[in-house]
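This report refers to the structure that appears directly beneath it.
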Amino acid sequence: MKVEFYGHVRQYHAIQSEIDANVKQVLESGSYVMGPMLKQFEGELAAYHGTKHAIGVANGTDAIWLALMGLGIGPGDEVITHPNTFFATAEAIWIAGATAVFVDCCPKTKCICPGLIEAAITPKTKAIIPVHLYGQCADMVAIKKIADRHKLRLIEDNAQAIGAHGPSFRIGQLSDAATTSFIIQKNLGTFGDSGALVTNCSELDARVRQLRNHGSNKRNVHSYGFNSRLDDLHAGVLSAKLKHIDAWNDQRRQWAARYTAGLKGCRTFDLPVELPGYRHVYHLYVIETKKPALRDALVDFLVKNTIDAKTHYSIAIHQQAGYPWGREARVAGSVANAEANAACCVSLPMFPELTAEEVDYVIAKVREWDAAHAAEGSEGPGLARSGKPCPCCS
Ligand SMILES: *Cc1c(COP(=O)(O)O)cnc(C)c1O
């Protein structure tokens, strides 16, 4: 059996008539850029998050640096994030001209460890960007307390967790802005690139609206700006898909629960940790092998057995060749947990349109491999993974 990593075409076929109807409506409207479909989708997205505003932009990376720039953050300013995220989180900080400061992740959630943030703050620090990695929210309550204490801005990189929430908070409610990406592989994705940010701050909303449209909110009148718009065609696709996002995320959660139950007792890797009270939306289902060598062997075995396993992300940002390419960057303290995550992560196929047979085939193959390598998973020399407890775990 072949198990793909993504189910884009299956998803299209499942709601084809709804997507096609919106696409046709846009095509026949004659209005393709900054038109009524974009406006409609922005309204729906703000309502979904319970925020005052939503602004469609060209992609998820732009959403982050437009938020930074809209908040007046740039050269000479430091922005704290963690290094085991998709590259774009740091890239956006550099595009804004600011300095990226990396602190370690929590070994359980893989999100930024709130207990390590304060030690990284300097007089230049202006913002924190927690990433809701793999679909689980960072601890926004703890992070917000730190931000308030030090008068820092807070931008949630929510490219991976639309529809997730914490025990007492919703995404977009404790921050200056939450940004997201709608590239096809995200939980809410269109057939190409686009992104958005949501905010309750009307001033930031107005600034980003102007920045994304050549610095203009009135014909022929411009200030400094860019072209970073979300096309109406994509807005139409996203509007059709937004109606299904909660059901799709529920389905992801069901497959995650099936993986977790099916892989219980394996000795060569740890399963993802879902914190109590959190709604994890499993953008990715990531297990972490006990040693780096086991990771590569497991991925090879799965690929040989026609299971499209991947790694997210096998090189931490500060470990990329040539880092930091002349950009301003700093690693604050040990980032051993982030490095262990990079060396040991394995993403199993995860999308709503998987079938029970596919999930069970993946479970069977992973178990078969685990049984053959169980001795290597236990203690002994060469146990390279640190799994260091962090302040939020201890
Ligand atoms: C996908 C992603 C982005 C960037 O989104 P693009 O739309 O590809 O620019 C940023 N941050 C994280 C964590 C992502 O997963």
Side-chain angles (χ1 to χ4, degrees), residues 5-6 8 41 45 54-69 79-96 98 100 102-103 105-106 109-112 127-138 140 143 154-164 171-172 175 177-198 208 212 226-231 234-235 237-238 241 245 249 252 272 280-286 310-318 320 338 341-342 345 347 350-351:
F5 197 78
Y6 299 116
H8 305 149
F41 175 62
L45 193 67
I55 311 149
V57 298
N59 56 67
T61 310
D62 285 11
I64 301 169
W65 64 256
L66 283 164
L68 286 166
M69 217 175 268
V79 178
I80 294 173
T81 189
H82 58 119
N84 59 312
T85 169
F86 182 58
F87 188 75
T89 312
E91 187 187 346
I93 296 170
W94 286 316
I95 293 172
F102 299 111
V103 304
C105 68
C106 162
T109 64
K110 319 302 173 192
C111 294
I112 194 166
I128 309 167
I129 306 185
V131 183
H132 302 319
L133 198 73
Y134 303 153
Q136 180 160 244
C137 292
M140 288 303 296
I143 296 168
L154 209 43
I155 298 167
E156 297 168 81
D157 181 345
N158 189 35
Q160 304 193 354
I162 192 163
I171 289 168
S175 57
T179 65
T180 194
S181 163
F182 303 122
I183 193 167
I184 185 70
Q185 60 264 38
K186 300 294 159 78
N187 288 31
L188 177 64
T190 183
F191 307 110
D193 277 306
S194 59
L197 53 154
V198 296
V208 173
R212 75 161 174 190
F226 308 87
N227 176 352
S228 181
R229 296 175 299 226
L230 193 166
D231 308 318
H234 288 310
V237 173
L238 291 164
K241 285 193 171 193
I245 188 66
N249 282 340
R252 285 175 182 269
H280 191 324
V281 294
Y282 290 98
H283 171 57
L284 297 164
Y285 186 91
V286 181
K310 294 188 187 294
T311 57
H312 296 82
Y313 298 91
S314 57
I315 307 174
I317 294 170
H318 67 290
Q320 295 283 352
N341 178 230
C345 58
S347 308
M350 171 54 77
F351 55 91

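In what follows, residues are counted from 1 in the order of the sequence shown. Read the numbers this way: they start at 1 and go in the same order the structure lists the ligands and their atoms.
The distance from ligand 1 to the heavy atoms of Val131 drops below 4.0 Å at these ligand atoms: 13 (C). Every atom of ligand 1 is numbered from 1 in the order shown, and the set under 4.0 Å from a heavy atom of Asn59 is 7 (O), 9 (O). Taking every heavy atom of Phe86 and a limit of under 4.0 angstrom, the matching atoms of ligand 1 come to 2 (C), 3 (C), 12 (C), 14 (C), 15 (O).
Shown are His312, Gln185, Gln136; of these, the side-chain contact (heavy atoms from CB on, under 4.5 Å) with Leu284 is made only by His312. No option in Thr85, Thr89, Thr81 other than Thr89 meets the side chain to side chain donor-acceptor pair (under 3.5 Å) test with Asp157.
Contact annotation for Thr85 and ligand 1: only side-chain heavy atoms (C-beta onward) come within less than 4.0 Å of the ligand. Contacts with ligand 1 closer than 4.0 Å are made by side-chain heavy atoms of Asp157 only, the backbone lying farther away.
Although no hydrogens or angles enter the test, the distance criterion places a donor-acceptor pair under 3.5 Å between the side chain of Thr180 and the main chain of Asn158.
Scanning all heavy atoms of the two residues, the minimum distance from His234 to Asp193 falls at CD2-O, 3.7 Å.
Taking the six-membered ring where tryptophan is involved, the planes of Trp65 and Phe226 are perpendicular, since the angle between them exceeds 60° and thus also 30°. Ring planes of Phe182 and Phe41: perpendicular class, angle over 60° (limits at 30 and 60°).
Looking from atom 1 (C) of ligand 1 to the surrounding protein, the closest heavy atom is Lys186 NZ, 1.5 Å. Looking at atom 15 (O) of ligand 1, its nearest protein heavy atom turns out to be Gln160 NE2, 2.9 Å. Scanning the protein heavy atoms around atom 9 (O) of ligand 1, the nearest turns out to be Thr61 OG1, 2.5 Å.
Residue Asp193 has no N or O atom closer than 3.5 Å to an N or O atom of ligand 1. For ligand 1, the polar-atom distance check against Phe182 finds no nitrogen or oxygen pair separated by under 3.5 Å.
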Please lay out, stage by stage, how Phe86 and His283 fare under the test ring pair (Phe, Tyr, Trp, His ring centres under 6.0 Å).
CA-CA 13 Å; Phe86 182 58; His283 171 57; over 10 Å; no
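Annotation: the span from Tyr134 atom OH to Tyr285 atom OH amounts to 13.0 Å, rounded to 0.5 Å.
Residue contact check for ligand 1: His283 places no non-hydrogen atom closer than 4.0 Å to it.
Of the candidates Ser181, Ala196, Ala88, Ala88 brings a heavy atom nearest to atom 10 (C) of ligand 1.
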